[in-house]
Every structure is written in structure tokens, then in C-alpha cells.
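See structure below.
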Amino acid sequence: MNYKMMGRFIAQTMFIEAIFMIPAGIISLFCGDISAAYSFLAAIAATVLIAGLLWLLCRRAPRAMGAKDGLVCVAVSWIVLSLFGCLPFYLSREIPNFVDAFFETVSGFTTTGASVVANVEALSKGILYWRSFSHWLGGMGVLVFLLALSSGDERGSGFTLHLLRAESPGPNVDKLVPKIRKTAVILYSIYIALTLLNILFLLVGNMPLFDAVCTAFGTAGTGGFGVKADSLAGYSPYLQNVTTVFMLLFGINFSCYYLILLRQLRSVWKDEELRLYLAIVLISIVAIAVNIHSLYETWTETLRHAAFQVGSIITTTGFTTTDFDQWPHFSKTILLGLMMIGACAGSTGGGFKVARVLLLFKSLRRNIRRVIRPNRVQAVRSNGKIVDERVLDNTNAYLAAYIILTVISIVLISLDNFSFTTNLSAVFACFNNIGPGLEAVGPTCHFGNFSPFSKIILSIDMLAGRLEIFPILVLLSRSAWRRK
């Protein structure tokens, strides 16, 4: 393990976190929320102090870093970011319990949107801004942001590819261009441009500037923290429709946008994951709309709510416009299925990922054909290219880990004695980084009633889901910490 290189990167991420706390502190000061302003000042000071000491100890670290080091570095970085990021909530006493503050922060950075706050509108504006901005920062990944800011020197940059792969979602993450730094710059440029475009469309619909910025942060990061207790239910149909479109856009693999910039539109349309993603969305909207039509006055309203919730759940954003916990069981079952599927690989969305679902079906079809014709060589292809067997093995291992961790989590939080539906949907909502579940954790409820133990388990689920499980599993492995 290259501990010094890890320490250096963790220190750099902490410096970035401290810098991004400054606007929230300024908003608190401008709004006259002195307690919140002081809490941000104290949090920034503590973060910079610890980061400075860590940097001094690790500034001359050797640059070599392996895949194992990258996985552990990413996992530790996200835990450290959450621990220091929760300080403003805790120190301001707006979330007075530290475990609750940690849960809220993990939910923010992992773009989950599960909240322990019963009355969101009672929070100060600076805290609300930081809460929503954590979605935006966690959506693309703080280490990807760090790579975008790093120097152009590519010597020994193998460790940067390990960091990019560990933090970016999907079964097979690779560079868009030969240089890692340029890949990170491209990703964040697209991310920022779409976010600004989202804010513009929301402002056109007369949404207040503060609401528009926070809503766009939640949409871009596919997070779901809102500034209103009813999420987006109180806004106009236009604003809800705009949010639906942008949620679905942020659920698409960002490499598709890069191909669009290169004018390779045919390659984008031929992308099998994108086509399956759009097919799942359209079929789900139609099925749910037909099922819930009797609950609403017009087909227009029905389609709006169906499209919004499908877009919100499959992209794991978690915004709501209606209490879907009151929908028929058929519609709720579809939403549970969408929770597991999630968005596209390489997007800001969570879940199992459409790319993995596609690979699993193709792998299953190959195995059936092998039974029929055992002597024939069968290869799995995606977008016309043969999929490496290691990617298929990784996908199968991910599915096994996904199921095992889900079952263990459900068993552990069942100690709180909530219903099975509540426990199942709570774990799905956290593991797949969605936010709202069903029954006691439905769209009109919150996670505050769970015990501290269950909140810690669900926080681990959120981190595991956002980081694609393996960084957390490697972090918990004793062999990962042994020196060579």
C-alpha cells in the first residue's frame, strides 16, 4: 500500500471540500444566519488544518499506485469527505445528532437524497445550499474533479486511471481520450454545461434563483435533495417537465455527449445501452400511466406524474411530484424494479446500471446456446465489439455482492422492527442511491425514525452503491492493508 500517496490525495480532496464550503458560508452570512456562518467557518478551519498536516506528512509521496491502492484511496476519501462535510450540519445544531448529520452528508455526496430531516424548510439557506451542492460535487465525483485540476504531467499517471475507474460508475470504465486529465476535463465540462442549461430552463419557468440552483444541483447529481418539504410537487407543470427531461439526460452515459460533440450521431444511436435505457423508460411510463389513470383528472396530468417518477427513480434522483406510495401495487412494483436497474454506466445515476443488465442478459443467452451447441465458440458482443471475459466475470461478481449485501442489510435493519416493505425499500433506496422508498420511508416520510445502528448500515449501503461496492469491500479486507 502506498500510504503516503493516498494521504496526499485525501489531503487534496479535503482542501477542495473546504473551498466549496465557502459559498455556503457566505450565503449564511448574507442571510443573517450567524450560527450557520460560524459553523461553516469552524468546519473550513478544521478541514484545512487536518488537510494541511496530512499534506506536510505526505507531500513527497512516490507516485506509483496500483489498482488496490486506488480502490482503498477512493473509499477512504469519500468517508473522510463525509465526516468533515457533516460538520456544518452538526455544529450549527440544525441536525444536532452527529450520526444523523453524517447520514445526511453521506446521502448528499453519494447522490442518494435519503433524509433524516422532518422539516426541510426550517433549515437555513446556507445549509440548504451545502446540502444540495453535495449532490453536485458527488455526482461526477470529487476525485474526478481533482484529476481535472491536476497538472498535465502524465508521468506515472497509472494511479490516476485507477482512481478514475474506482470512482466512476459502470462495468468497464475507460478514458475518452489518451490523457486522464483531459478525460476528466471533458467530463466536468459537459457536466457543468448541462447544469447551467438546466438552471436557465428553470429560471425561464419563473423558479426563484436559489431554488433553481439547488434543484439543478440535485438533478445534475441525480440526488434529490430539495428545498421544499413537498419536493417538486408545489412547482408548475412546466418546471416538473423540465426536471423530468434533465433527470433523464443526466442518466445517460456522458460518453454519448462526447460523441455528439464529435458529431458521431450514428454511433450514439447504435449504443445498445442507450437504446435499452430509453426503451425501459418509455415502456414503464406507458404501463404506469395506464395503471394510475383513475387517480388523476386528465391524461396529461397522469403522464406528467408517471414520466416524472419513472425518470426520477430510474436515474436514482429521488425527486417527487406526488405520493407514489399511494399508487397501485403494479406501479409500485415497476418502480422497485427501476430502483434496481438504475441509470446508464458513466452517468451520474446509481443502481445496478443498464449496461450490467444488458451484459447479464447477453451472458445468459450465450450460456443457453452453449448448452445447445457445446462445441461452438460463443462470444458476448456489445456495440459490435467482443466483451472481455474479465468484464463478464466482474459483472457476475458484482451481482453476487449486490445480492449478498442487500440481504445482510435488510436483516440488520430489521432489528428496528419496521415492516418488510419498509426495510426492503429503505435498503434499495440507499444501496441504489435513490432516496425515497415505500411506507415508512415513502415520499412523504423520512429516515429519521431508524436507530443510529441502522443509519450507519444504510450509510455504508449508500457508499457501497455509489462506489460500485468493490472499493468498500476492499477497504474492509485485511489483505488490502498489508505492506508489500
Side-chain angles (χ1 to χ4, degrees), residues 1 3 5-21 43 47 50-51 54 65 67-89 98-99 101-114 130-131 133-149 159-160 162-170 173 184 187-188 221-223 225 316 348-351 401 405 409 430-433 435 455-477 480-481:
M1 288 288 290
Y3 291 109
M5 192 63 208
M6 286 173 53
R8 176 175 161 177
F9 254 83
I10 291 170
Q12 289 175 314
T13 59
M14 291 174 68
F15 279 127
I16 290 175
E17 181 178 37
I19 291 171
F20 281 131
M21 285 186 193
T47 305
I50 301 300
L54 192 58
M65 182 180 278
K68 178 182 68 175
D69 300 333
L71 292 171
V72 174
C73 183
V74 168
V76 173
S77 295
W78 278 69
I79 293 172
V80 170
L81 285 172
S82 299
L83 286 170
F84 283 89
C86 76
L87 291 179
F89 296 123
F98 186 81
V99 173
F102 179 74
F103 180 94
E104 196 80 7
T105 307
V106 171
S107 181
F109 280 126
T110 60
T111 72
T112 303
W130 176 241
R131 187 170 171 263
F133 183 77
S134 63
H135 279 333
W136 191 86
L137 189 58
M140 187 58 66
V142 65
L143 294 187
V144 175
F145 183 83
L146 179 59
L147 294 177
L149 295 181
F159 72 90
T160 60
H162 294 312
L163 291 174
L164 179 67
R165 286 177 173 169
E167 191 175 55
S168 300
V173 179
L187 289 173
Y188 254 99
T222 60
F225 278 155
T316 71
T348 60
L405 291 177
S409 298
C430 290
F431 207 171
N432 297 297
N433 306 130
K455 289 170 185 172
I456 292 172
I457 296 299
L458 293 173
S459 295
I460 294 173
D461 285 341
M462 289 188 280
L463 287 167
R466 172 58 182 86
L467 299 179
E468 305 279 281
I469 298 178
F470 294 115
I472 297 297
L473 292 181
V474 172
L475 179 66
L476 298 176
S477 171
W481 298 96

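- Listed for the Glu17 side chain is no donor-acceptor partner under 3.5 Å among the backbone atoms of Phe84.
- Leu137 and Tyr188 make their closest contact through O-OH, 3.7 Å (heavy atoms, listed as atom of the first residue, atom of the second, distance).
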> Does the side chain to side chain contact (heavy atoms under 4.5 Å, CB included) test come out yes or no for Phe89 and Phe102, once each step is laid out?
Replying inline: CA-CA 9 Å; Phe89 296 123; Phe102 179 74; over 6 Å; no
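- In terms of heavy-atom proximity, Thr111 sits nearest to Gly138 at CG2-C, 3.8 Å.
- Annotation: the span from Met462 atom CE to Ile472 atom CD1 amounts to 11.5 Å, rounded to 0.5 Å.
- Scanning all heavy atoms of the two residues, the minimum distance from Ala51 to Met14 falls at CB-CB, 3.7 Å.
- Atom CZ in Phe103 sits 11.5 Å away from atom OG in Ser82 (nearest 0.5 Å).
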> Passes side chain to side chain contact (heavy atoms under 4.5 Å, CB included), Thr13 versus Val80? Steps please.
Replying inline: CA-CA 9 Å; Thr13 59; Val80 170; 5.9 Å; no
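- Annotation: the span from Phe98 atom CZ to Thr105 atom OG1 amounts to 8.0 Å, rounded to 0.5 Å.
- One N or O on the side chain of Ser107 and one on the backbone of Gly113 form a donor-acceptor pair closer than 3.5 Å.
- Of all the heavy atoms in Ala114 and Cys430, the pair that sits closest is CB-SG, 4.4 Å.
- Taking the six-membered ring where the residue is Trp, Trp78 and Phe109 present perpendicular rings, their angle passing 60° and hence far from 30°.
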>> Go through it in stages, so that I can follow the logic: the residues are Leu81 and Ile16, the test is side chain to side chain contact (heavy atoms under 4.5 Å, CB included), and I'd like the CA-CA distance, side-chain angles, deciding distance and then a yes or no.
In response: CA-CA 10 Å; Leu81 285 172; Ile16 290 175; over 6 Å; no
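- Side chain of His135 to backbone of Gly108: a donor-acceptor contact under 3.5 angstrom is found.
- Side chain to side chain, Asp461 and Ser409 meet the donor-acceptor criterion of an N or O pair below 3.5 Å.
- Interatomic distance, Thr110 OG1 to Leu467 CG, rounded to the nearest 0.5 Å: 8.5 Å.
- In this structure, Gln12 and Phe9 have side chains that are in contact, with non-hydrogen atoms separated by less than 4.5 Å.
- One distance of note links CZ of Phe15 with CG of Leu54; it measures 8.5 Å at 0.5 Å rounding.
- Note that the OG1 atom of Thr47 and the CD1 atom of Ile19 stand 11.5 Å from one another [nearest 0.5 Å].
- The shortest heavy-atom contact between Met21 and Ala43 is SD-CB, 3.8 Å.
- What you find for Val106 and Ser459 is that their closest heavy atoms are CG1-O, 3.6 Å.
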> Could you go step by step and tell me if Thr112 and Phe225 meet the side chain to side chain contact (heavy atoms under 4.5 Å, CB included) rule?
Replying inline: CA-CA 8 Å; Thr112 303; Phe225 278 155; over 6 Å; no
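- Ile460 places none of its side-chain heavy atoms less than 4.5 Å from the side chain of Leu405.
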